[in-house]
Amino acid sequence: GLEEGAKNQFSTFSNFITTINQKKEGIGNRNSPTQLVIPNIKNGRDLPPLCLDVRQKQRMSIDALPQELKAPFPPEPALPIRTKTVKDFQDDMEKSKASGDWKAVHNFYSTTFDSFLEINSAFKKDTNSAFNTIEDSGIDANFVNVVYDALLNTPQDVQKSVLKGIINGLLQEWTGPRTKDDLRAYCILLQNPQFSNTSTYVIYAHLLRQIAALTEADHHFLVHRSKQISQKRFKQVVDRLLQFISLRLFPAKPEEFPPIVKCTWWIPSAAKVLALFNAANSLISPPIISYTDFYNSTLDHIDLMEEYHNWQCYGNSHRFSFCQYPFIISIAAKKVIIQRDSEQQMISIARQSLVDKVSRRQKPDMNMLFLNVKVRRTHLVSDSLDELARKKADLKKKLKVTFVGEAGLDMGGLTKEWFLLLIRQIFHPDYGMFTYHKDSQCHWFSSFKCDNYSEFRLVGALMGLAVYNSITLDIRFPPCCYKKLLSPPIVPCDHNTLVGICGVTLDDLFQIMPELAHGLSELLSYEGNVEEDFYSTFQVFQEEFGVIKSYNLKPNGDKIPVTNRNRKEYVQLYVDFLLNRSIYKQFAAFYYGFHSVCASYALLLLRPEEVEILVCGSPELDMSALQRSTQYEGYQKTDLTIRYFWDVVLGFSLDLQKKLLHFATGSDRVPVGGMADLNFKISKSETSTNWLPVAHTCFNQLCLPPYKNRKELKQKLIIGISNAEGFGLE
């Protein structure tokens, strides 16, 4: 409803620029070094760097700020007295709608948004209270919501008065340090629904620029203010920021905006403000919205490798890159970056091998371009361990697997089979490397001590090879494992530095050993005398090969009783012992195995949850989506055999659907991009209908004879997918 009026208003935006220039001349040399001046639109300048180097910090520093950050704030100016309540405002709106006289509503909006002081006067819970703590924003959220919900239903002149007032407010707030009332006003203005309209983007951009240029202490305060916004409004602000970035990158009407070369600070400013909301979201458990709600799918269509290389070469200098804000990049886009980075590393390693061979005047062999793994099915783990240990220098080459005594040629299918069988054997309870917890349905590292942890390194290398070669694995590790795998995301140069150690909480233990975690939670909430009733010390006991061993959680822990006062420390040390200390050597070997293959700065872009998706894919099967994306060769999708096929498959149990997926593709997991990324194909097999279906897992292809009826197709298909291990040549 803003389109026409807003166009008329901002088509002659020179008045705004003239006002800005007059303000600049009036201020003269009194500008402080930290002052942010709204630039002339036609002569925009780049912002200074907006965040620290994530290669050093891994995440924006705002995430790691302490709960209380003491910073001097200037005294709050006296606020005008405004007595209008939500009820008064709603009554005015009803009267205006009935009579057509919007004067009272117009006066309210034009006065309220005329300055930051007026915004606080209208929306602050108590104008006489400072609200200096981060726990209470002091904003009457209900009043803000009611006023904004009504705004887009008012006449154009009312809406334009709000935008004019915001312009005045931005001009008035240039100089000097920000008060907490100023920060409160910024938080309120960000929720303005008018900024969803592209015709307001010039004003919106300047608002974002002012917020982006605030001090770290101010940002800390805004982060805690933002987390108090309701989920609905919080997501609206995030969506508005993402839309702003998307339409600046790919404008539907380029003439609506200044040339992008003249306003290069728009996107960095929006990304910085999004980072504040991302930080606010991560402070709450569970988060306000999912981390995937920060993804901007528009970025899937830009040159991601250029972004990645700019980030690698320039870090967080004056050259902006979306990789500085990895939470905006979708998992699909990150997968593309990792795959292309892997391919470039593969090509580089293979080229070097070829050069070395030629320089020694040896005959080049095509096999030297691959990581060739030859294994016997009967000695799968030992052969794989020997092969990977012998060929450490080749781990970053393209993987090819050969099963001794079988004629299959590896075009991808044998590799998938090797991963599947190896993982199945290593994670078997009888093997003793991992413990399966039935309550949580996940595996965790066995704490049994041994002389050689090379097999844990093998598992890590397998996970790395899977990511490197775009293979999904059926591994059920808890989220905590992937958090430890990124601690740190880059292998430290100093080998004495601890790896795989991360901050763990009772929530992490709940995901692995829920029964034990529940017991510890009960201890924390126990209202009686802990020391007398539990009679515990800072000592834990574990059974290892039938022998009970004790471990002190702290020096002389066996002599320190657990009391009401120190029980929190006891629980934290106990959780840390189970998830970090007791399995350190096992996990360190696993960590180094993974990073021996996947060492890349691209890992800095990933969240632990995203690493899990890259390794394991998604277990959620949507066979209807697979049906929609399936290609056909020799068949039409309307053919009777195809209709029988999908009728049978959609009626399968989840277990049979997984078997079909494994039969046809070599894995029962769905890749990052969903079923469409499988490129699944059904081909007509010109053989007798007495034959079973055949699959080419290298190409995700199912060869289906033209069965005459549904019953025959179902019978043959179930036999085929239930007896699918081993390869041969036709």
Side-chain angles (χ1 to χ4, degrees), residues 19 23 36 38 73-96 102-155 157-195 200 203-204 206-207 210-211 214 218 221-222 224-226 228-230 233 237:
T19 307
K23 289 275 186 179
L36 179 71
I38 300 179
F73 279 88
E76 309 283 354
L79 298 178
I81 303 300
R82 300 287 179 243
T83 59
K84 190 178 287 290
T85 65
V86 173
K87 179 76 167 56
D88 295 335
F89 173 77
Q90 290 174 328
D91 289 344
D92 287 345
M93 283 292 297
E94 291 301 320
K95 291 176 183 176
S96 297
W102 292 86
K103 184 176 180 181
V105 172
H106 185 284
N107 289 341
F108 170 78
Y109 275 111
S110 60
T111 302
T112 298
F113 289 94
D114 188 57
S115 69
F116 283 17
L117 283 179
E118 290 288 355
I119 290 174
N120 277 278
S121 298
F123 298 121
K124 199 171 179 180
K125 291 178 184 176
D126 182 356
T127 56
N128 297 319
S129 299
F131 293 105
N132 286 330
T133 65
I134 58 177
E135 285 76 22
D136 189 350
S137 67
I139 296 173
D140 186 345
N142 182 46
F143 197 7
V144 173
N145 295 341
V146 169
V147 168
Y148 277 146
D149 287 343
L151 177 57
L152 297 184
N153 297 318
T154 60
D157 59 336
V158 175
Q159 297 184 41
K160 287 194 286 185
S161 71
V162 171
L163 295 172
K164 289 178 181 178
I166 293 173
I167 292 172
N168 290 335
L170 293 176
L171 292 172
Q172 292 168 8
E173 301 303 321
W174 283 346
T175 60
R178 299 297 188 267
T179 67
K180 290 185 179 178
D181 277 347
D182 294 339
L183 303 181
R184 192 174 291 108
Y186 281 131
C187 192
I188 293 169
L189 289 177
L190 279 172
Q191 300 176 58
N192 188 339
Q194 290 177 295
F195 292 136
T200 66
I203 302 174
Y204 191 33
H206 284 89
L207 171 64
Q210 285 199 13
I211 295 172
L214 294 172
D218 292 344
F221 210 77
L222 272 178
H224 285 277
R225 290 277 169 84
S226 301
Q228 295 164 25
I229 299 174
S230 70
R233 308 288 170 172
V237 175

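- Interatomic distance, CG of L190 versus CG of L207, reported as 5.0 Å (0.5 Å rounding).
- Taking every heavy atom of both residues into account, R184 and I139 meet most closely at CG-CG1, 3.3 Å.
- Here the side chain of Q191 pairs no donor or acceptor atom with the backbone of V144 at under 3.5 angstrom.
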Could you check V105 against K95 for side-chain contact (heavy atoms from CB on, under 4.5 Å), going step by step and ending with a plain yes or no?
CA-CA 10 Å; V105 172; K95 291 176 183 176; over 6 Å; no

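- The shortest side-chain heavy-atom distance between L214 and L183 falls under the 4.5 Å cut-off.
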Take Y186 and D218, measure what side-chain contact (heavy atoms from CB on, under 4.5 Å) needs, and give me the verdict at the end.
CA-CA 11 Å; Y186 281 131; D218 292 344; over 6 Å; no

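- Taking each heavy atom of N153 and W102 in turn, the nearest pair found is O-CH2, 4.0 Å.
- Side-chain atoms of N120 come within 3.5 Å of backbone N or O of D181 as a donor-acceptor pair.
- For T154 against Q159, the heavy-atom pair with the smallest separation is O-NE2, 2.8 Å.
- The distance from atom OG of S161 to atom CD1 of I166, rounded to the nearest 0.5 Å, is 9.5 Å.
- Considering only heavy atoms from C-beta on, L222 comes within 4.5 Å of C187 through its side chain.
- The minimum heavy-atom distance between K180 and R225, with the atom names listed, is O-NH1, 3.7 Å.
- The two residues F143 and K84 have their closest heavy-atom pair at CE2-O, 3.5 Å.
- With hydrogens and angles disregarded, no donor-acceptor distance shorter than 3.5 Å links the side chain of T112 to the backbone of A122.
- Side chain of D92 to main chain of F89: no donor-acceptor pair is present (N/O by atom type, distance under 3.5 Å, no hydrogens or angles).
- One N or O on the side chain of S110 and one on the backbone of N107 form a donor-acceptor pair closer than 3.5 Å.
- The heavy-atom pair separating Y148 from L189 by the smallest distance is OH-CA, 3.7 Å.
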Does T85 form a side-chain contact (heavy atoms from CB on, under 4.5 Å) with D88? I'd like the steps, not just the answer.
CA-CA 5 Å; T85 65; D88 295 335; 3.1 Å; yes

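- Using a cut-off of 4.0 Å between Lys/Arg side-chain N and Asp/Glu carboxylate O, K164 and D157 are scored as not salt-bridged.
- Side chain of Y109 to main chain of V147: a donor-acceptor pair is present (N/O by atom type, distance under 3.5 Å, no hydrogens or angles).
- Atom OG1 of residue T200 and atom NZ of residue K160 lie 14.0 Å apart, to the nearest 0.5 angstrom.
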Applying side-chain contact (heavy atoms from CB on, under 4.5 Å) to S121 and E118, what does each step give before you reach the verdict?
CA-CA 5 Å; S121 298; E118 290 288 355; 4.3 Å; yes

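- Put simply, the side chain of D114 never gets that close to the backbone of T111: no donor and acceptor are under 3.5 Å apart.
- Judged by distance alone, the side chain of N192 and the main-chain N or O of I188 form no donor-acceptor pair under 3.5 Å.
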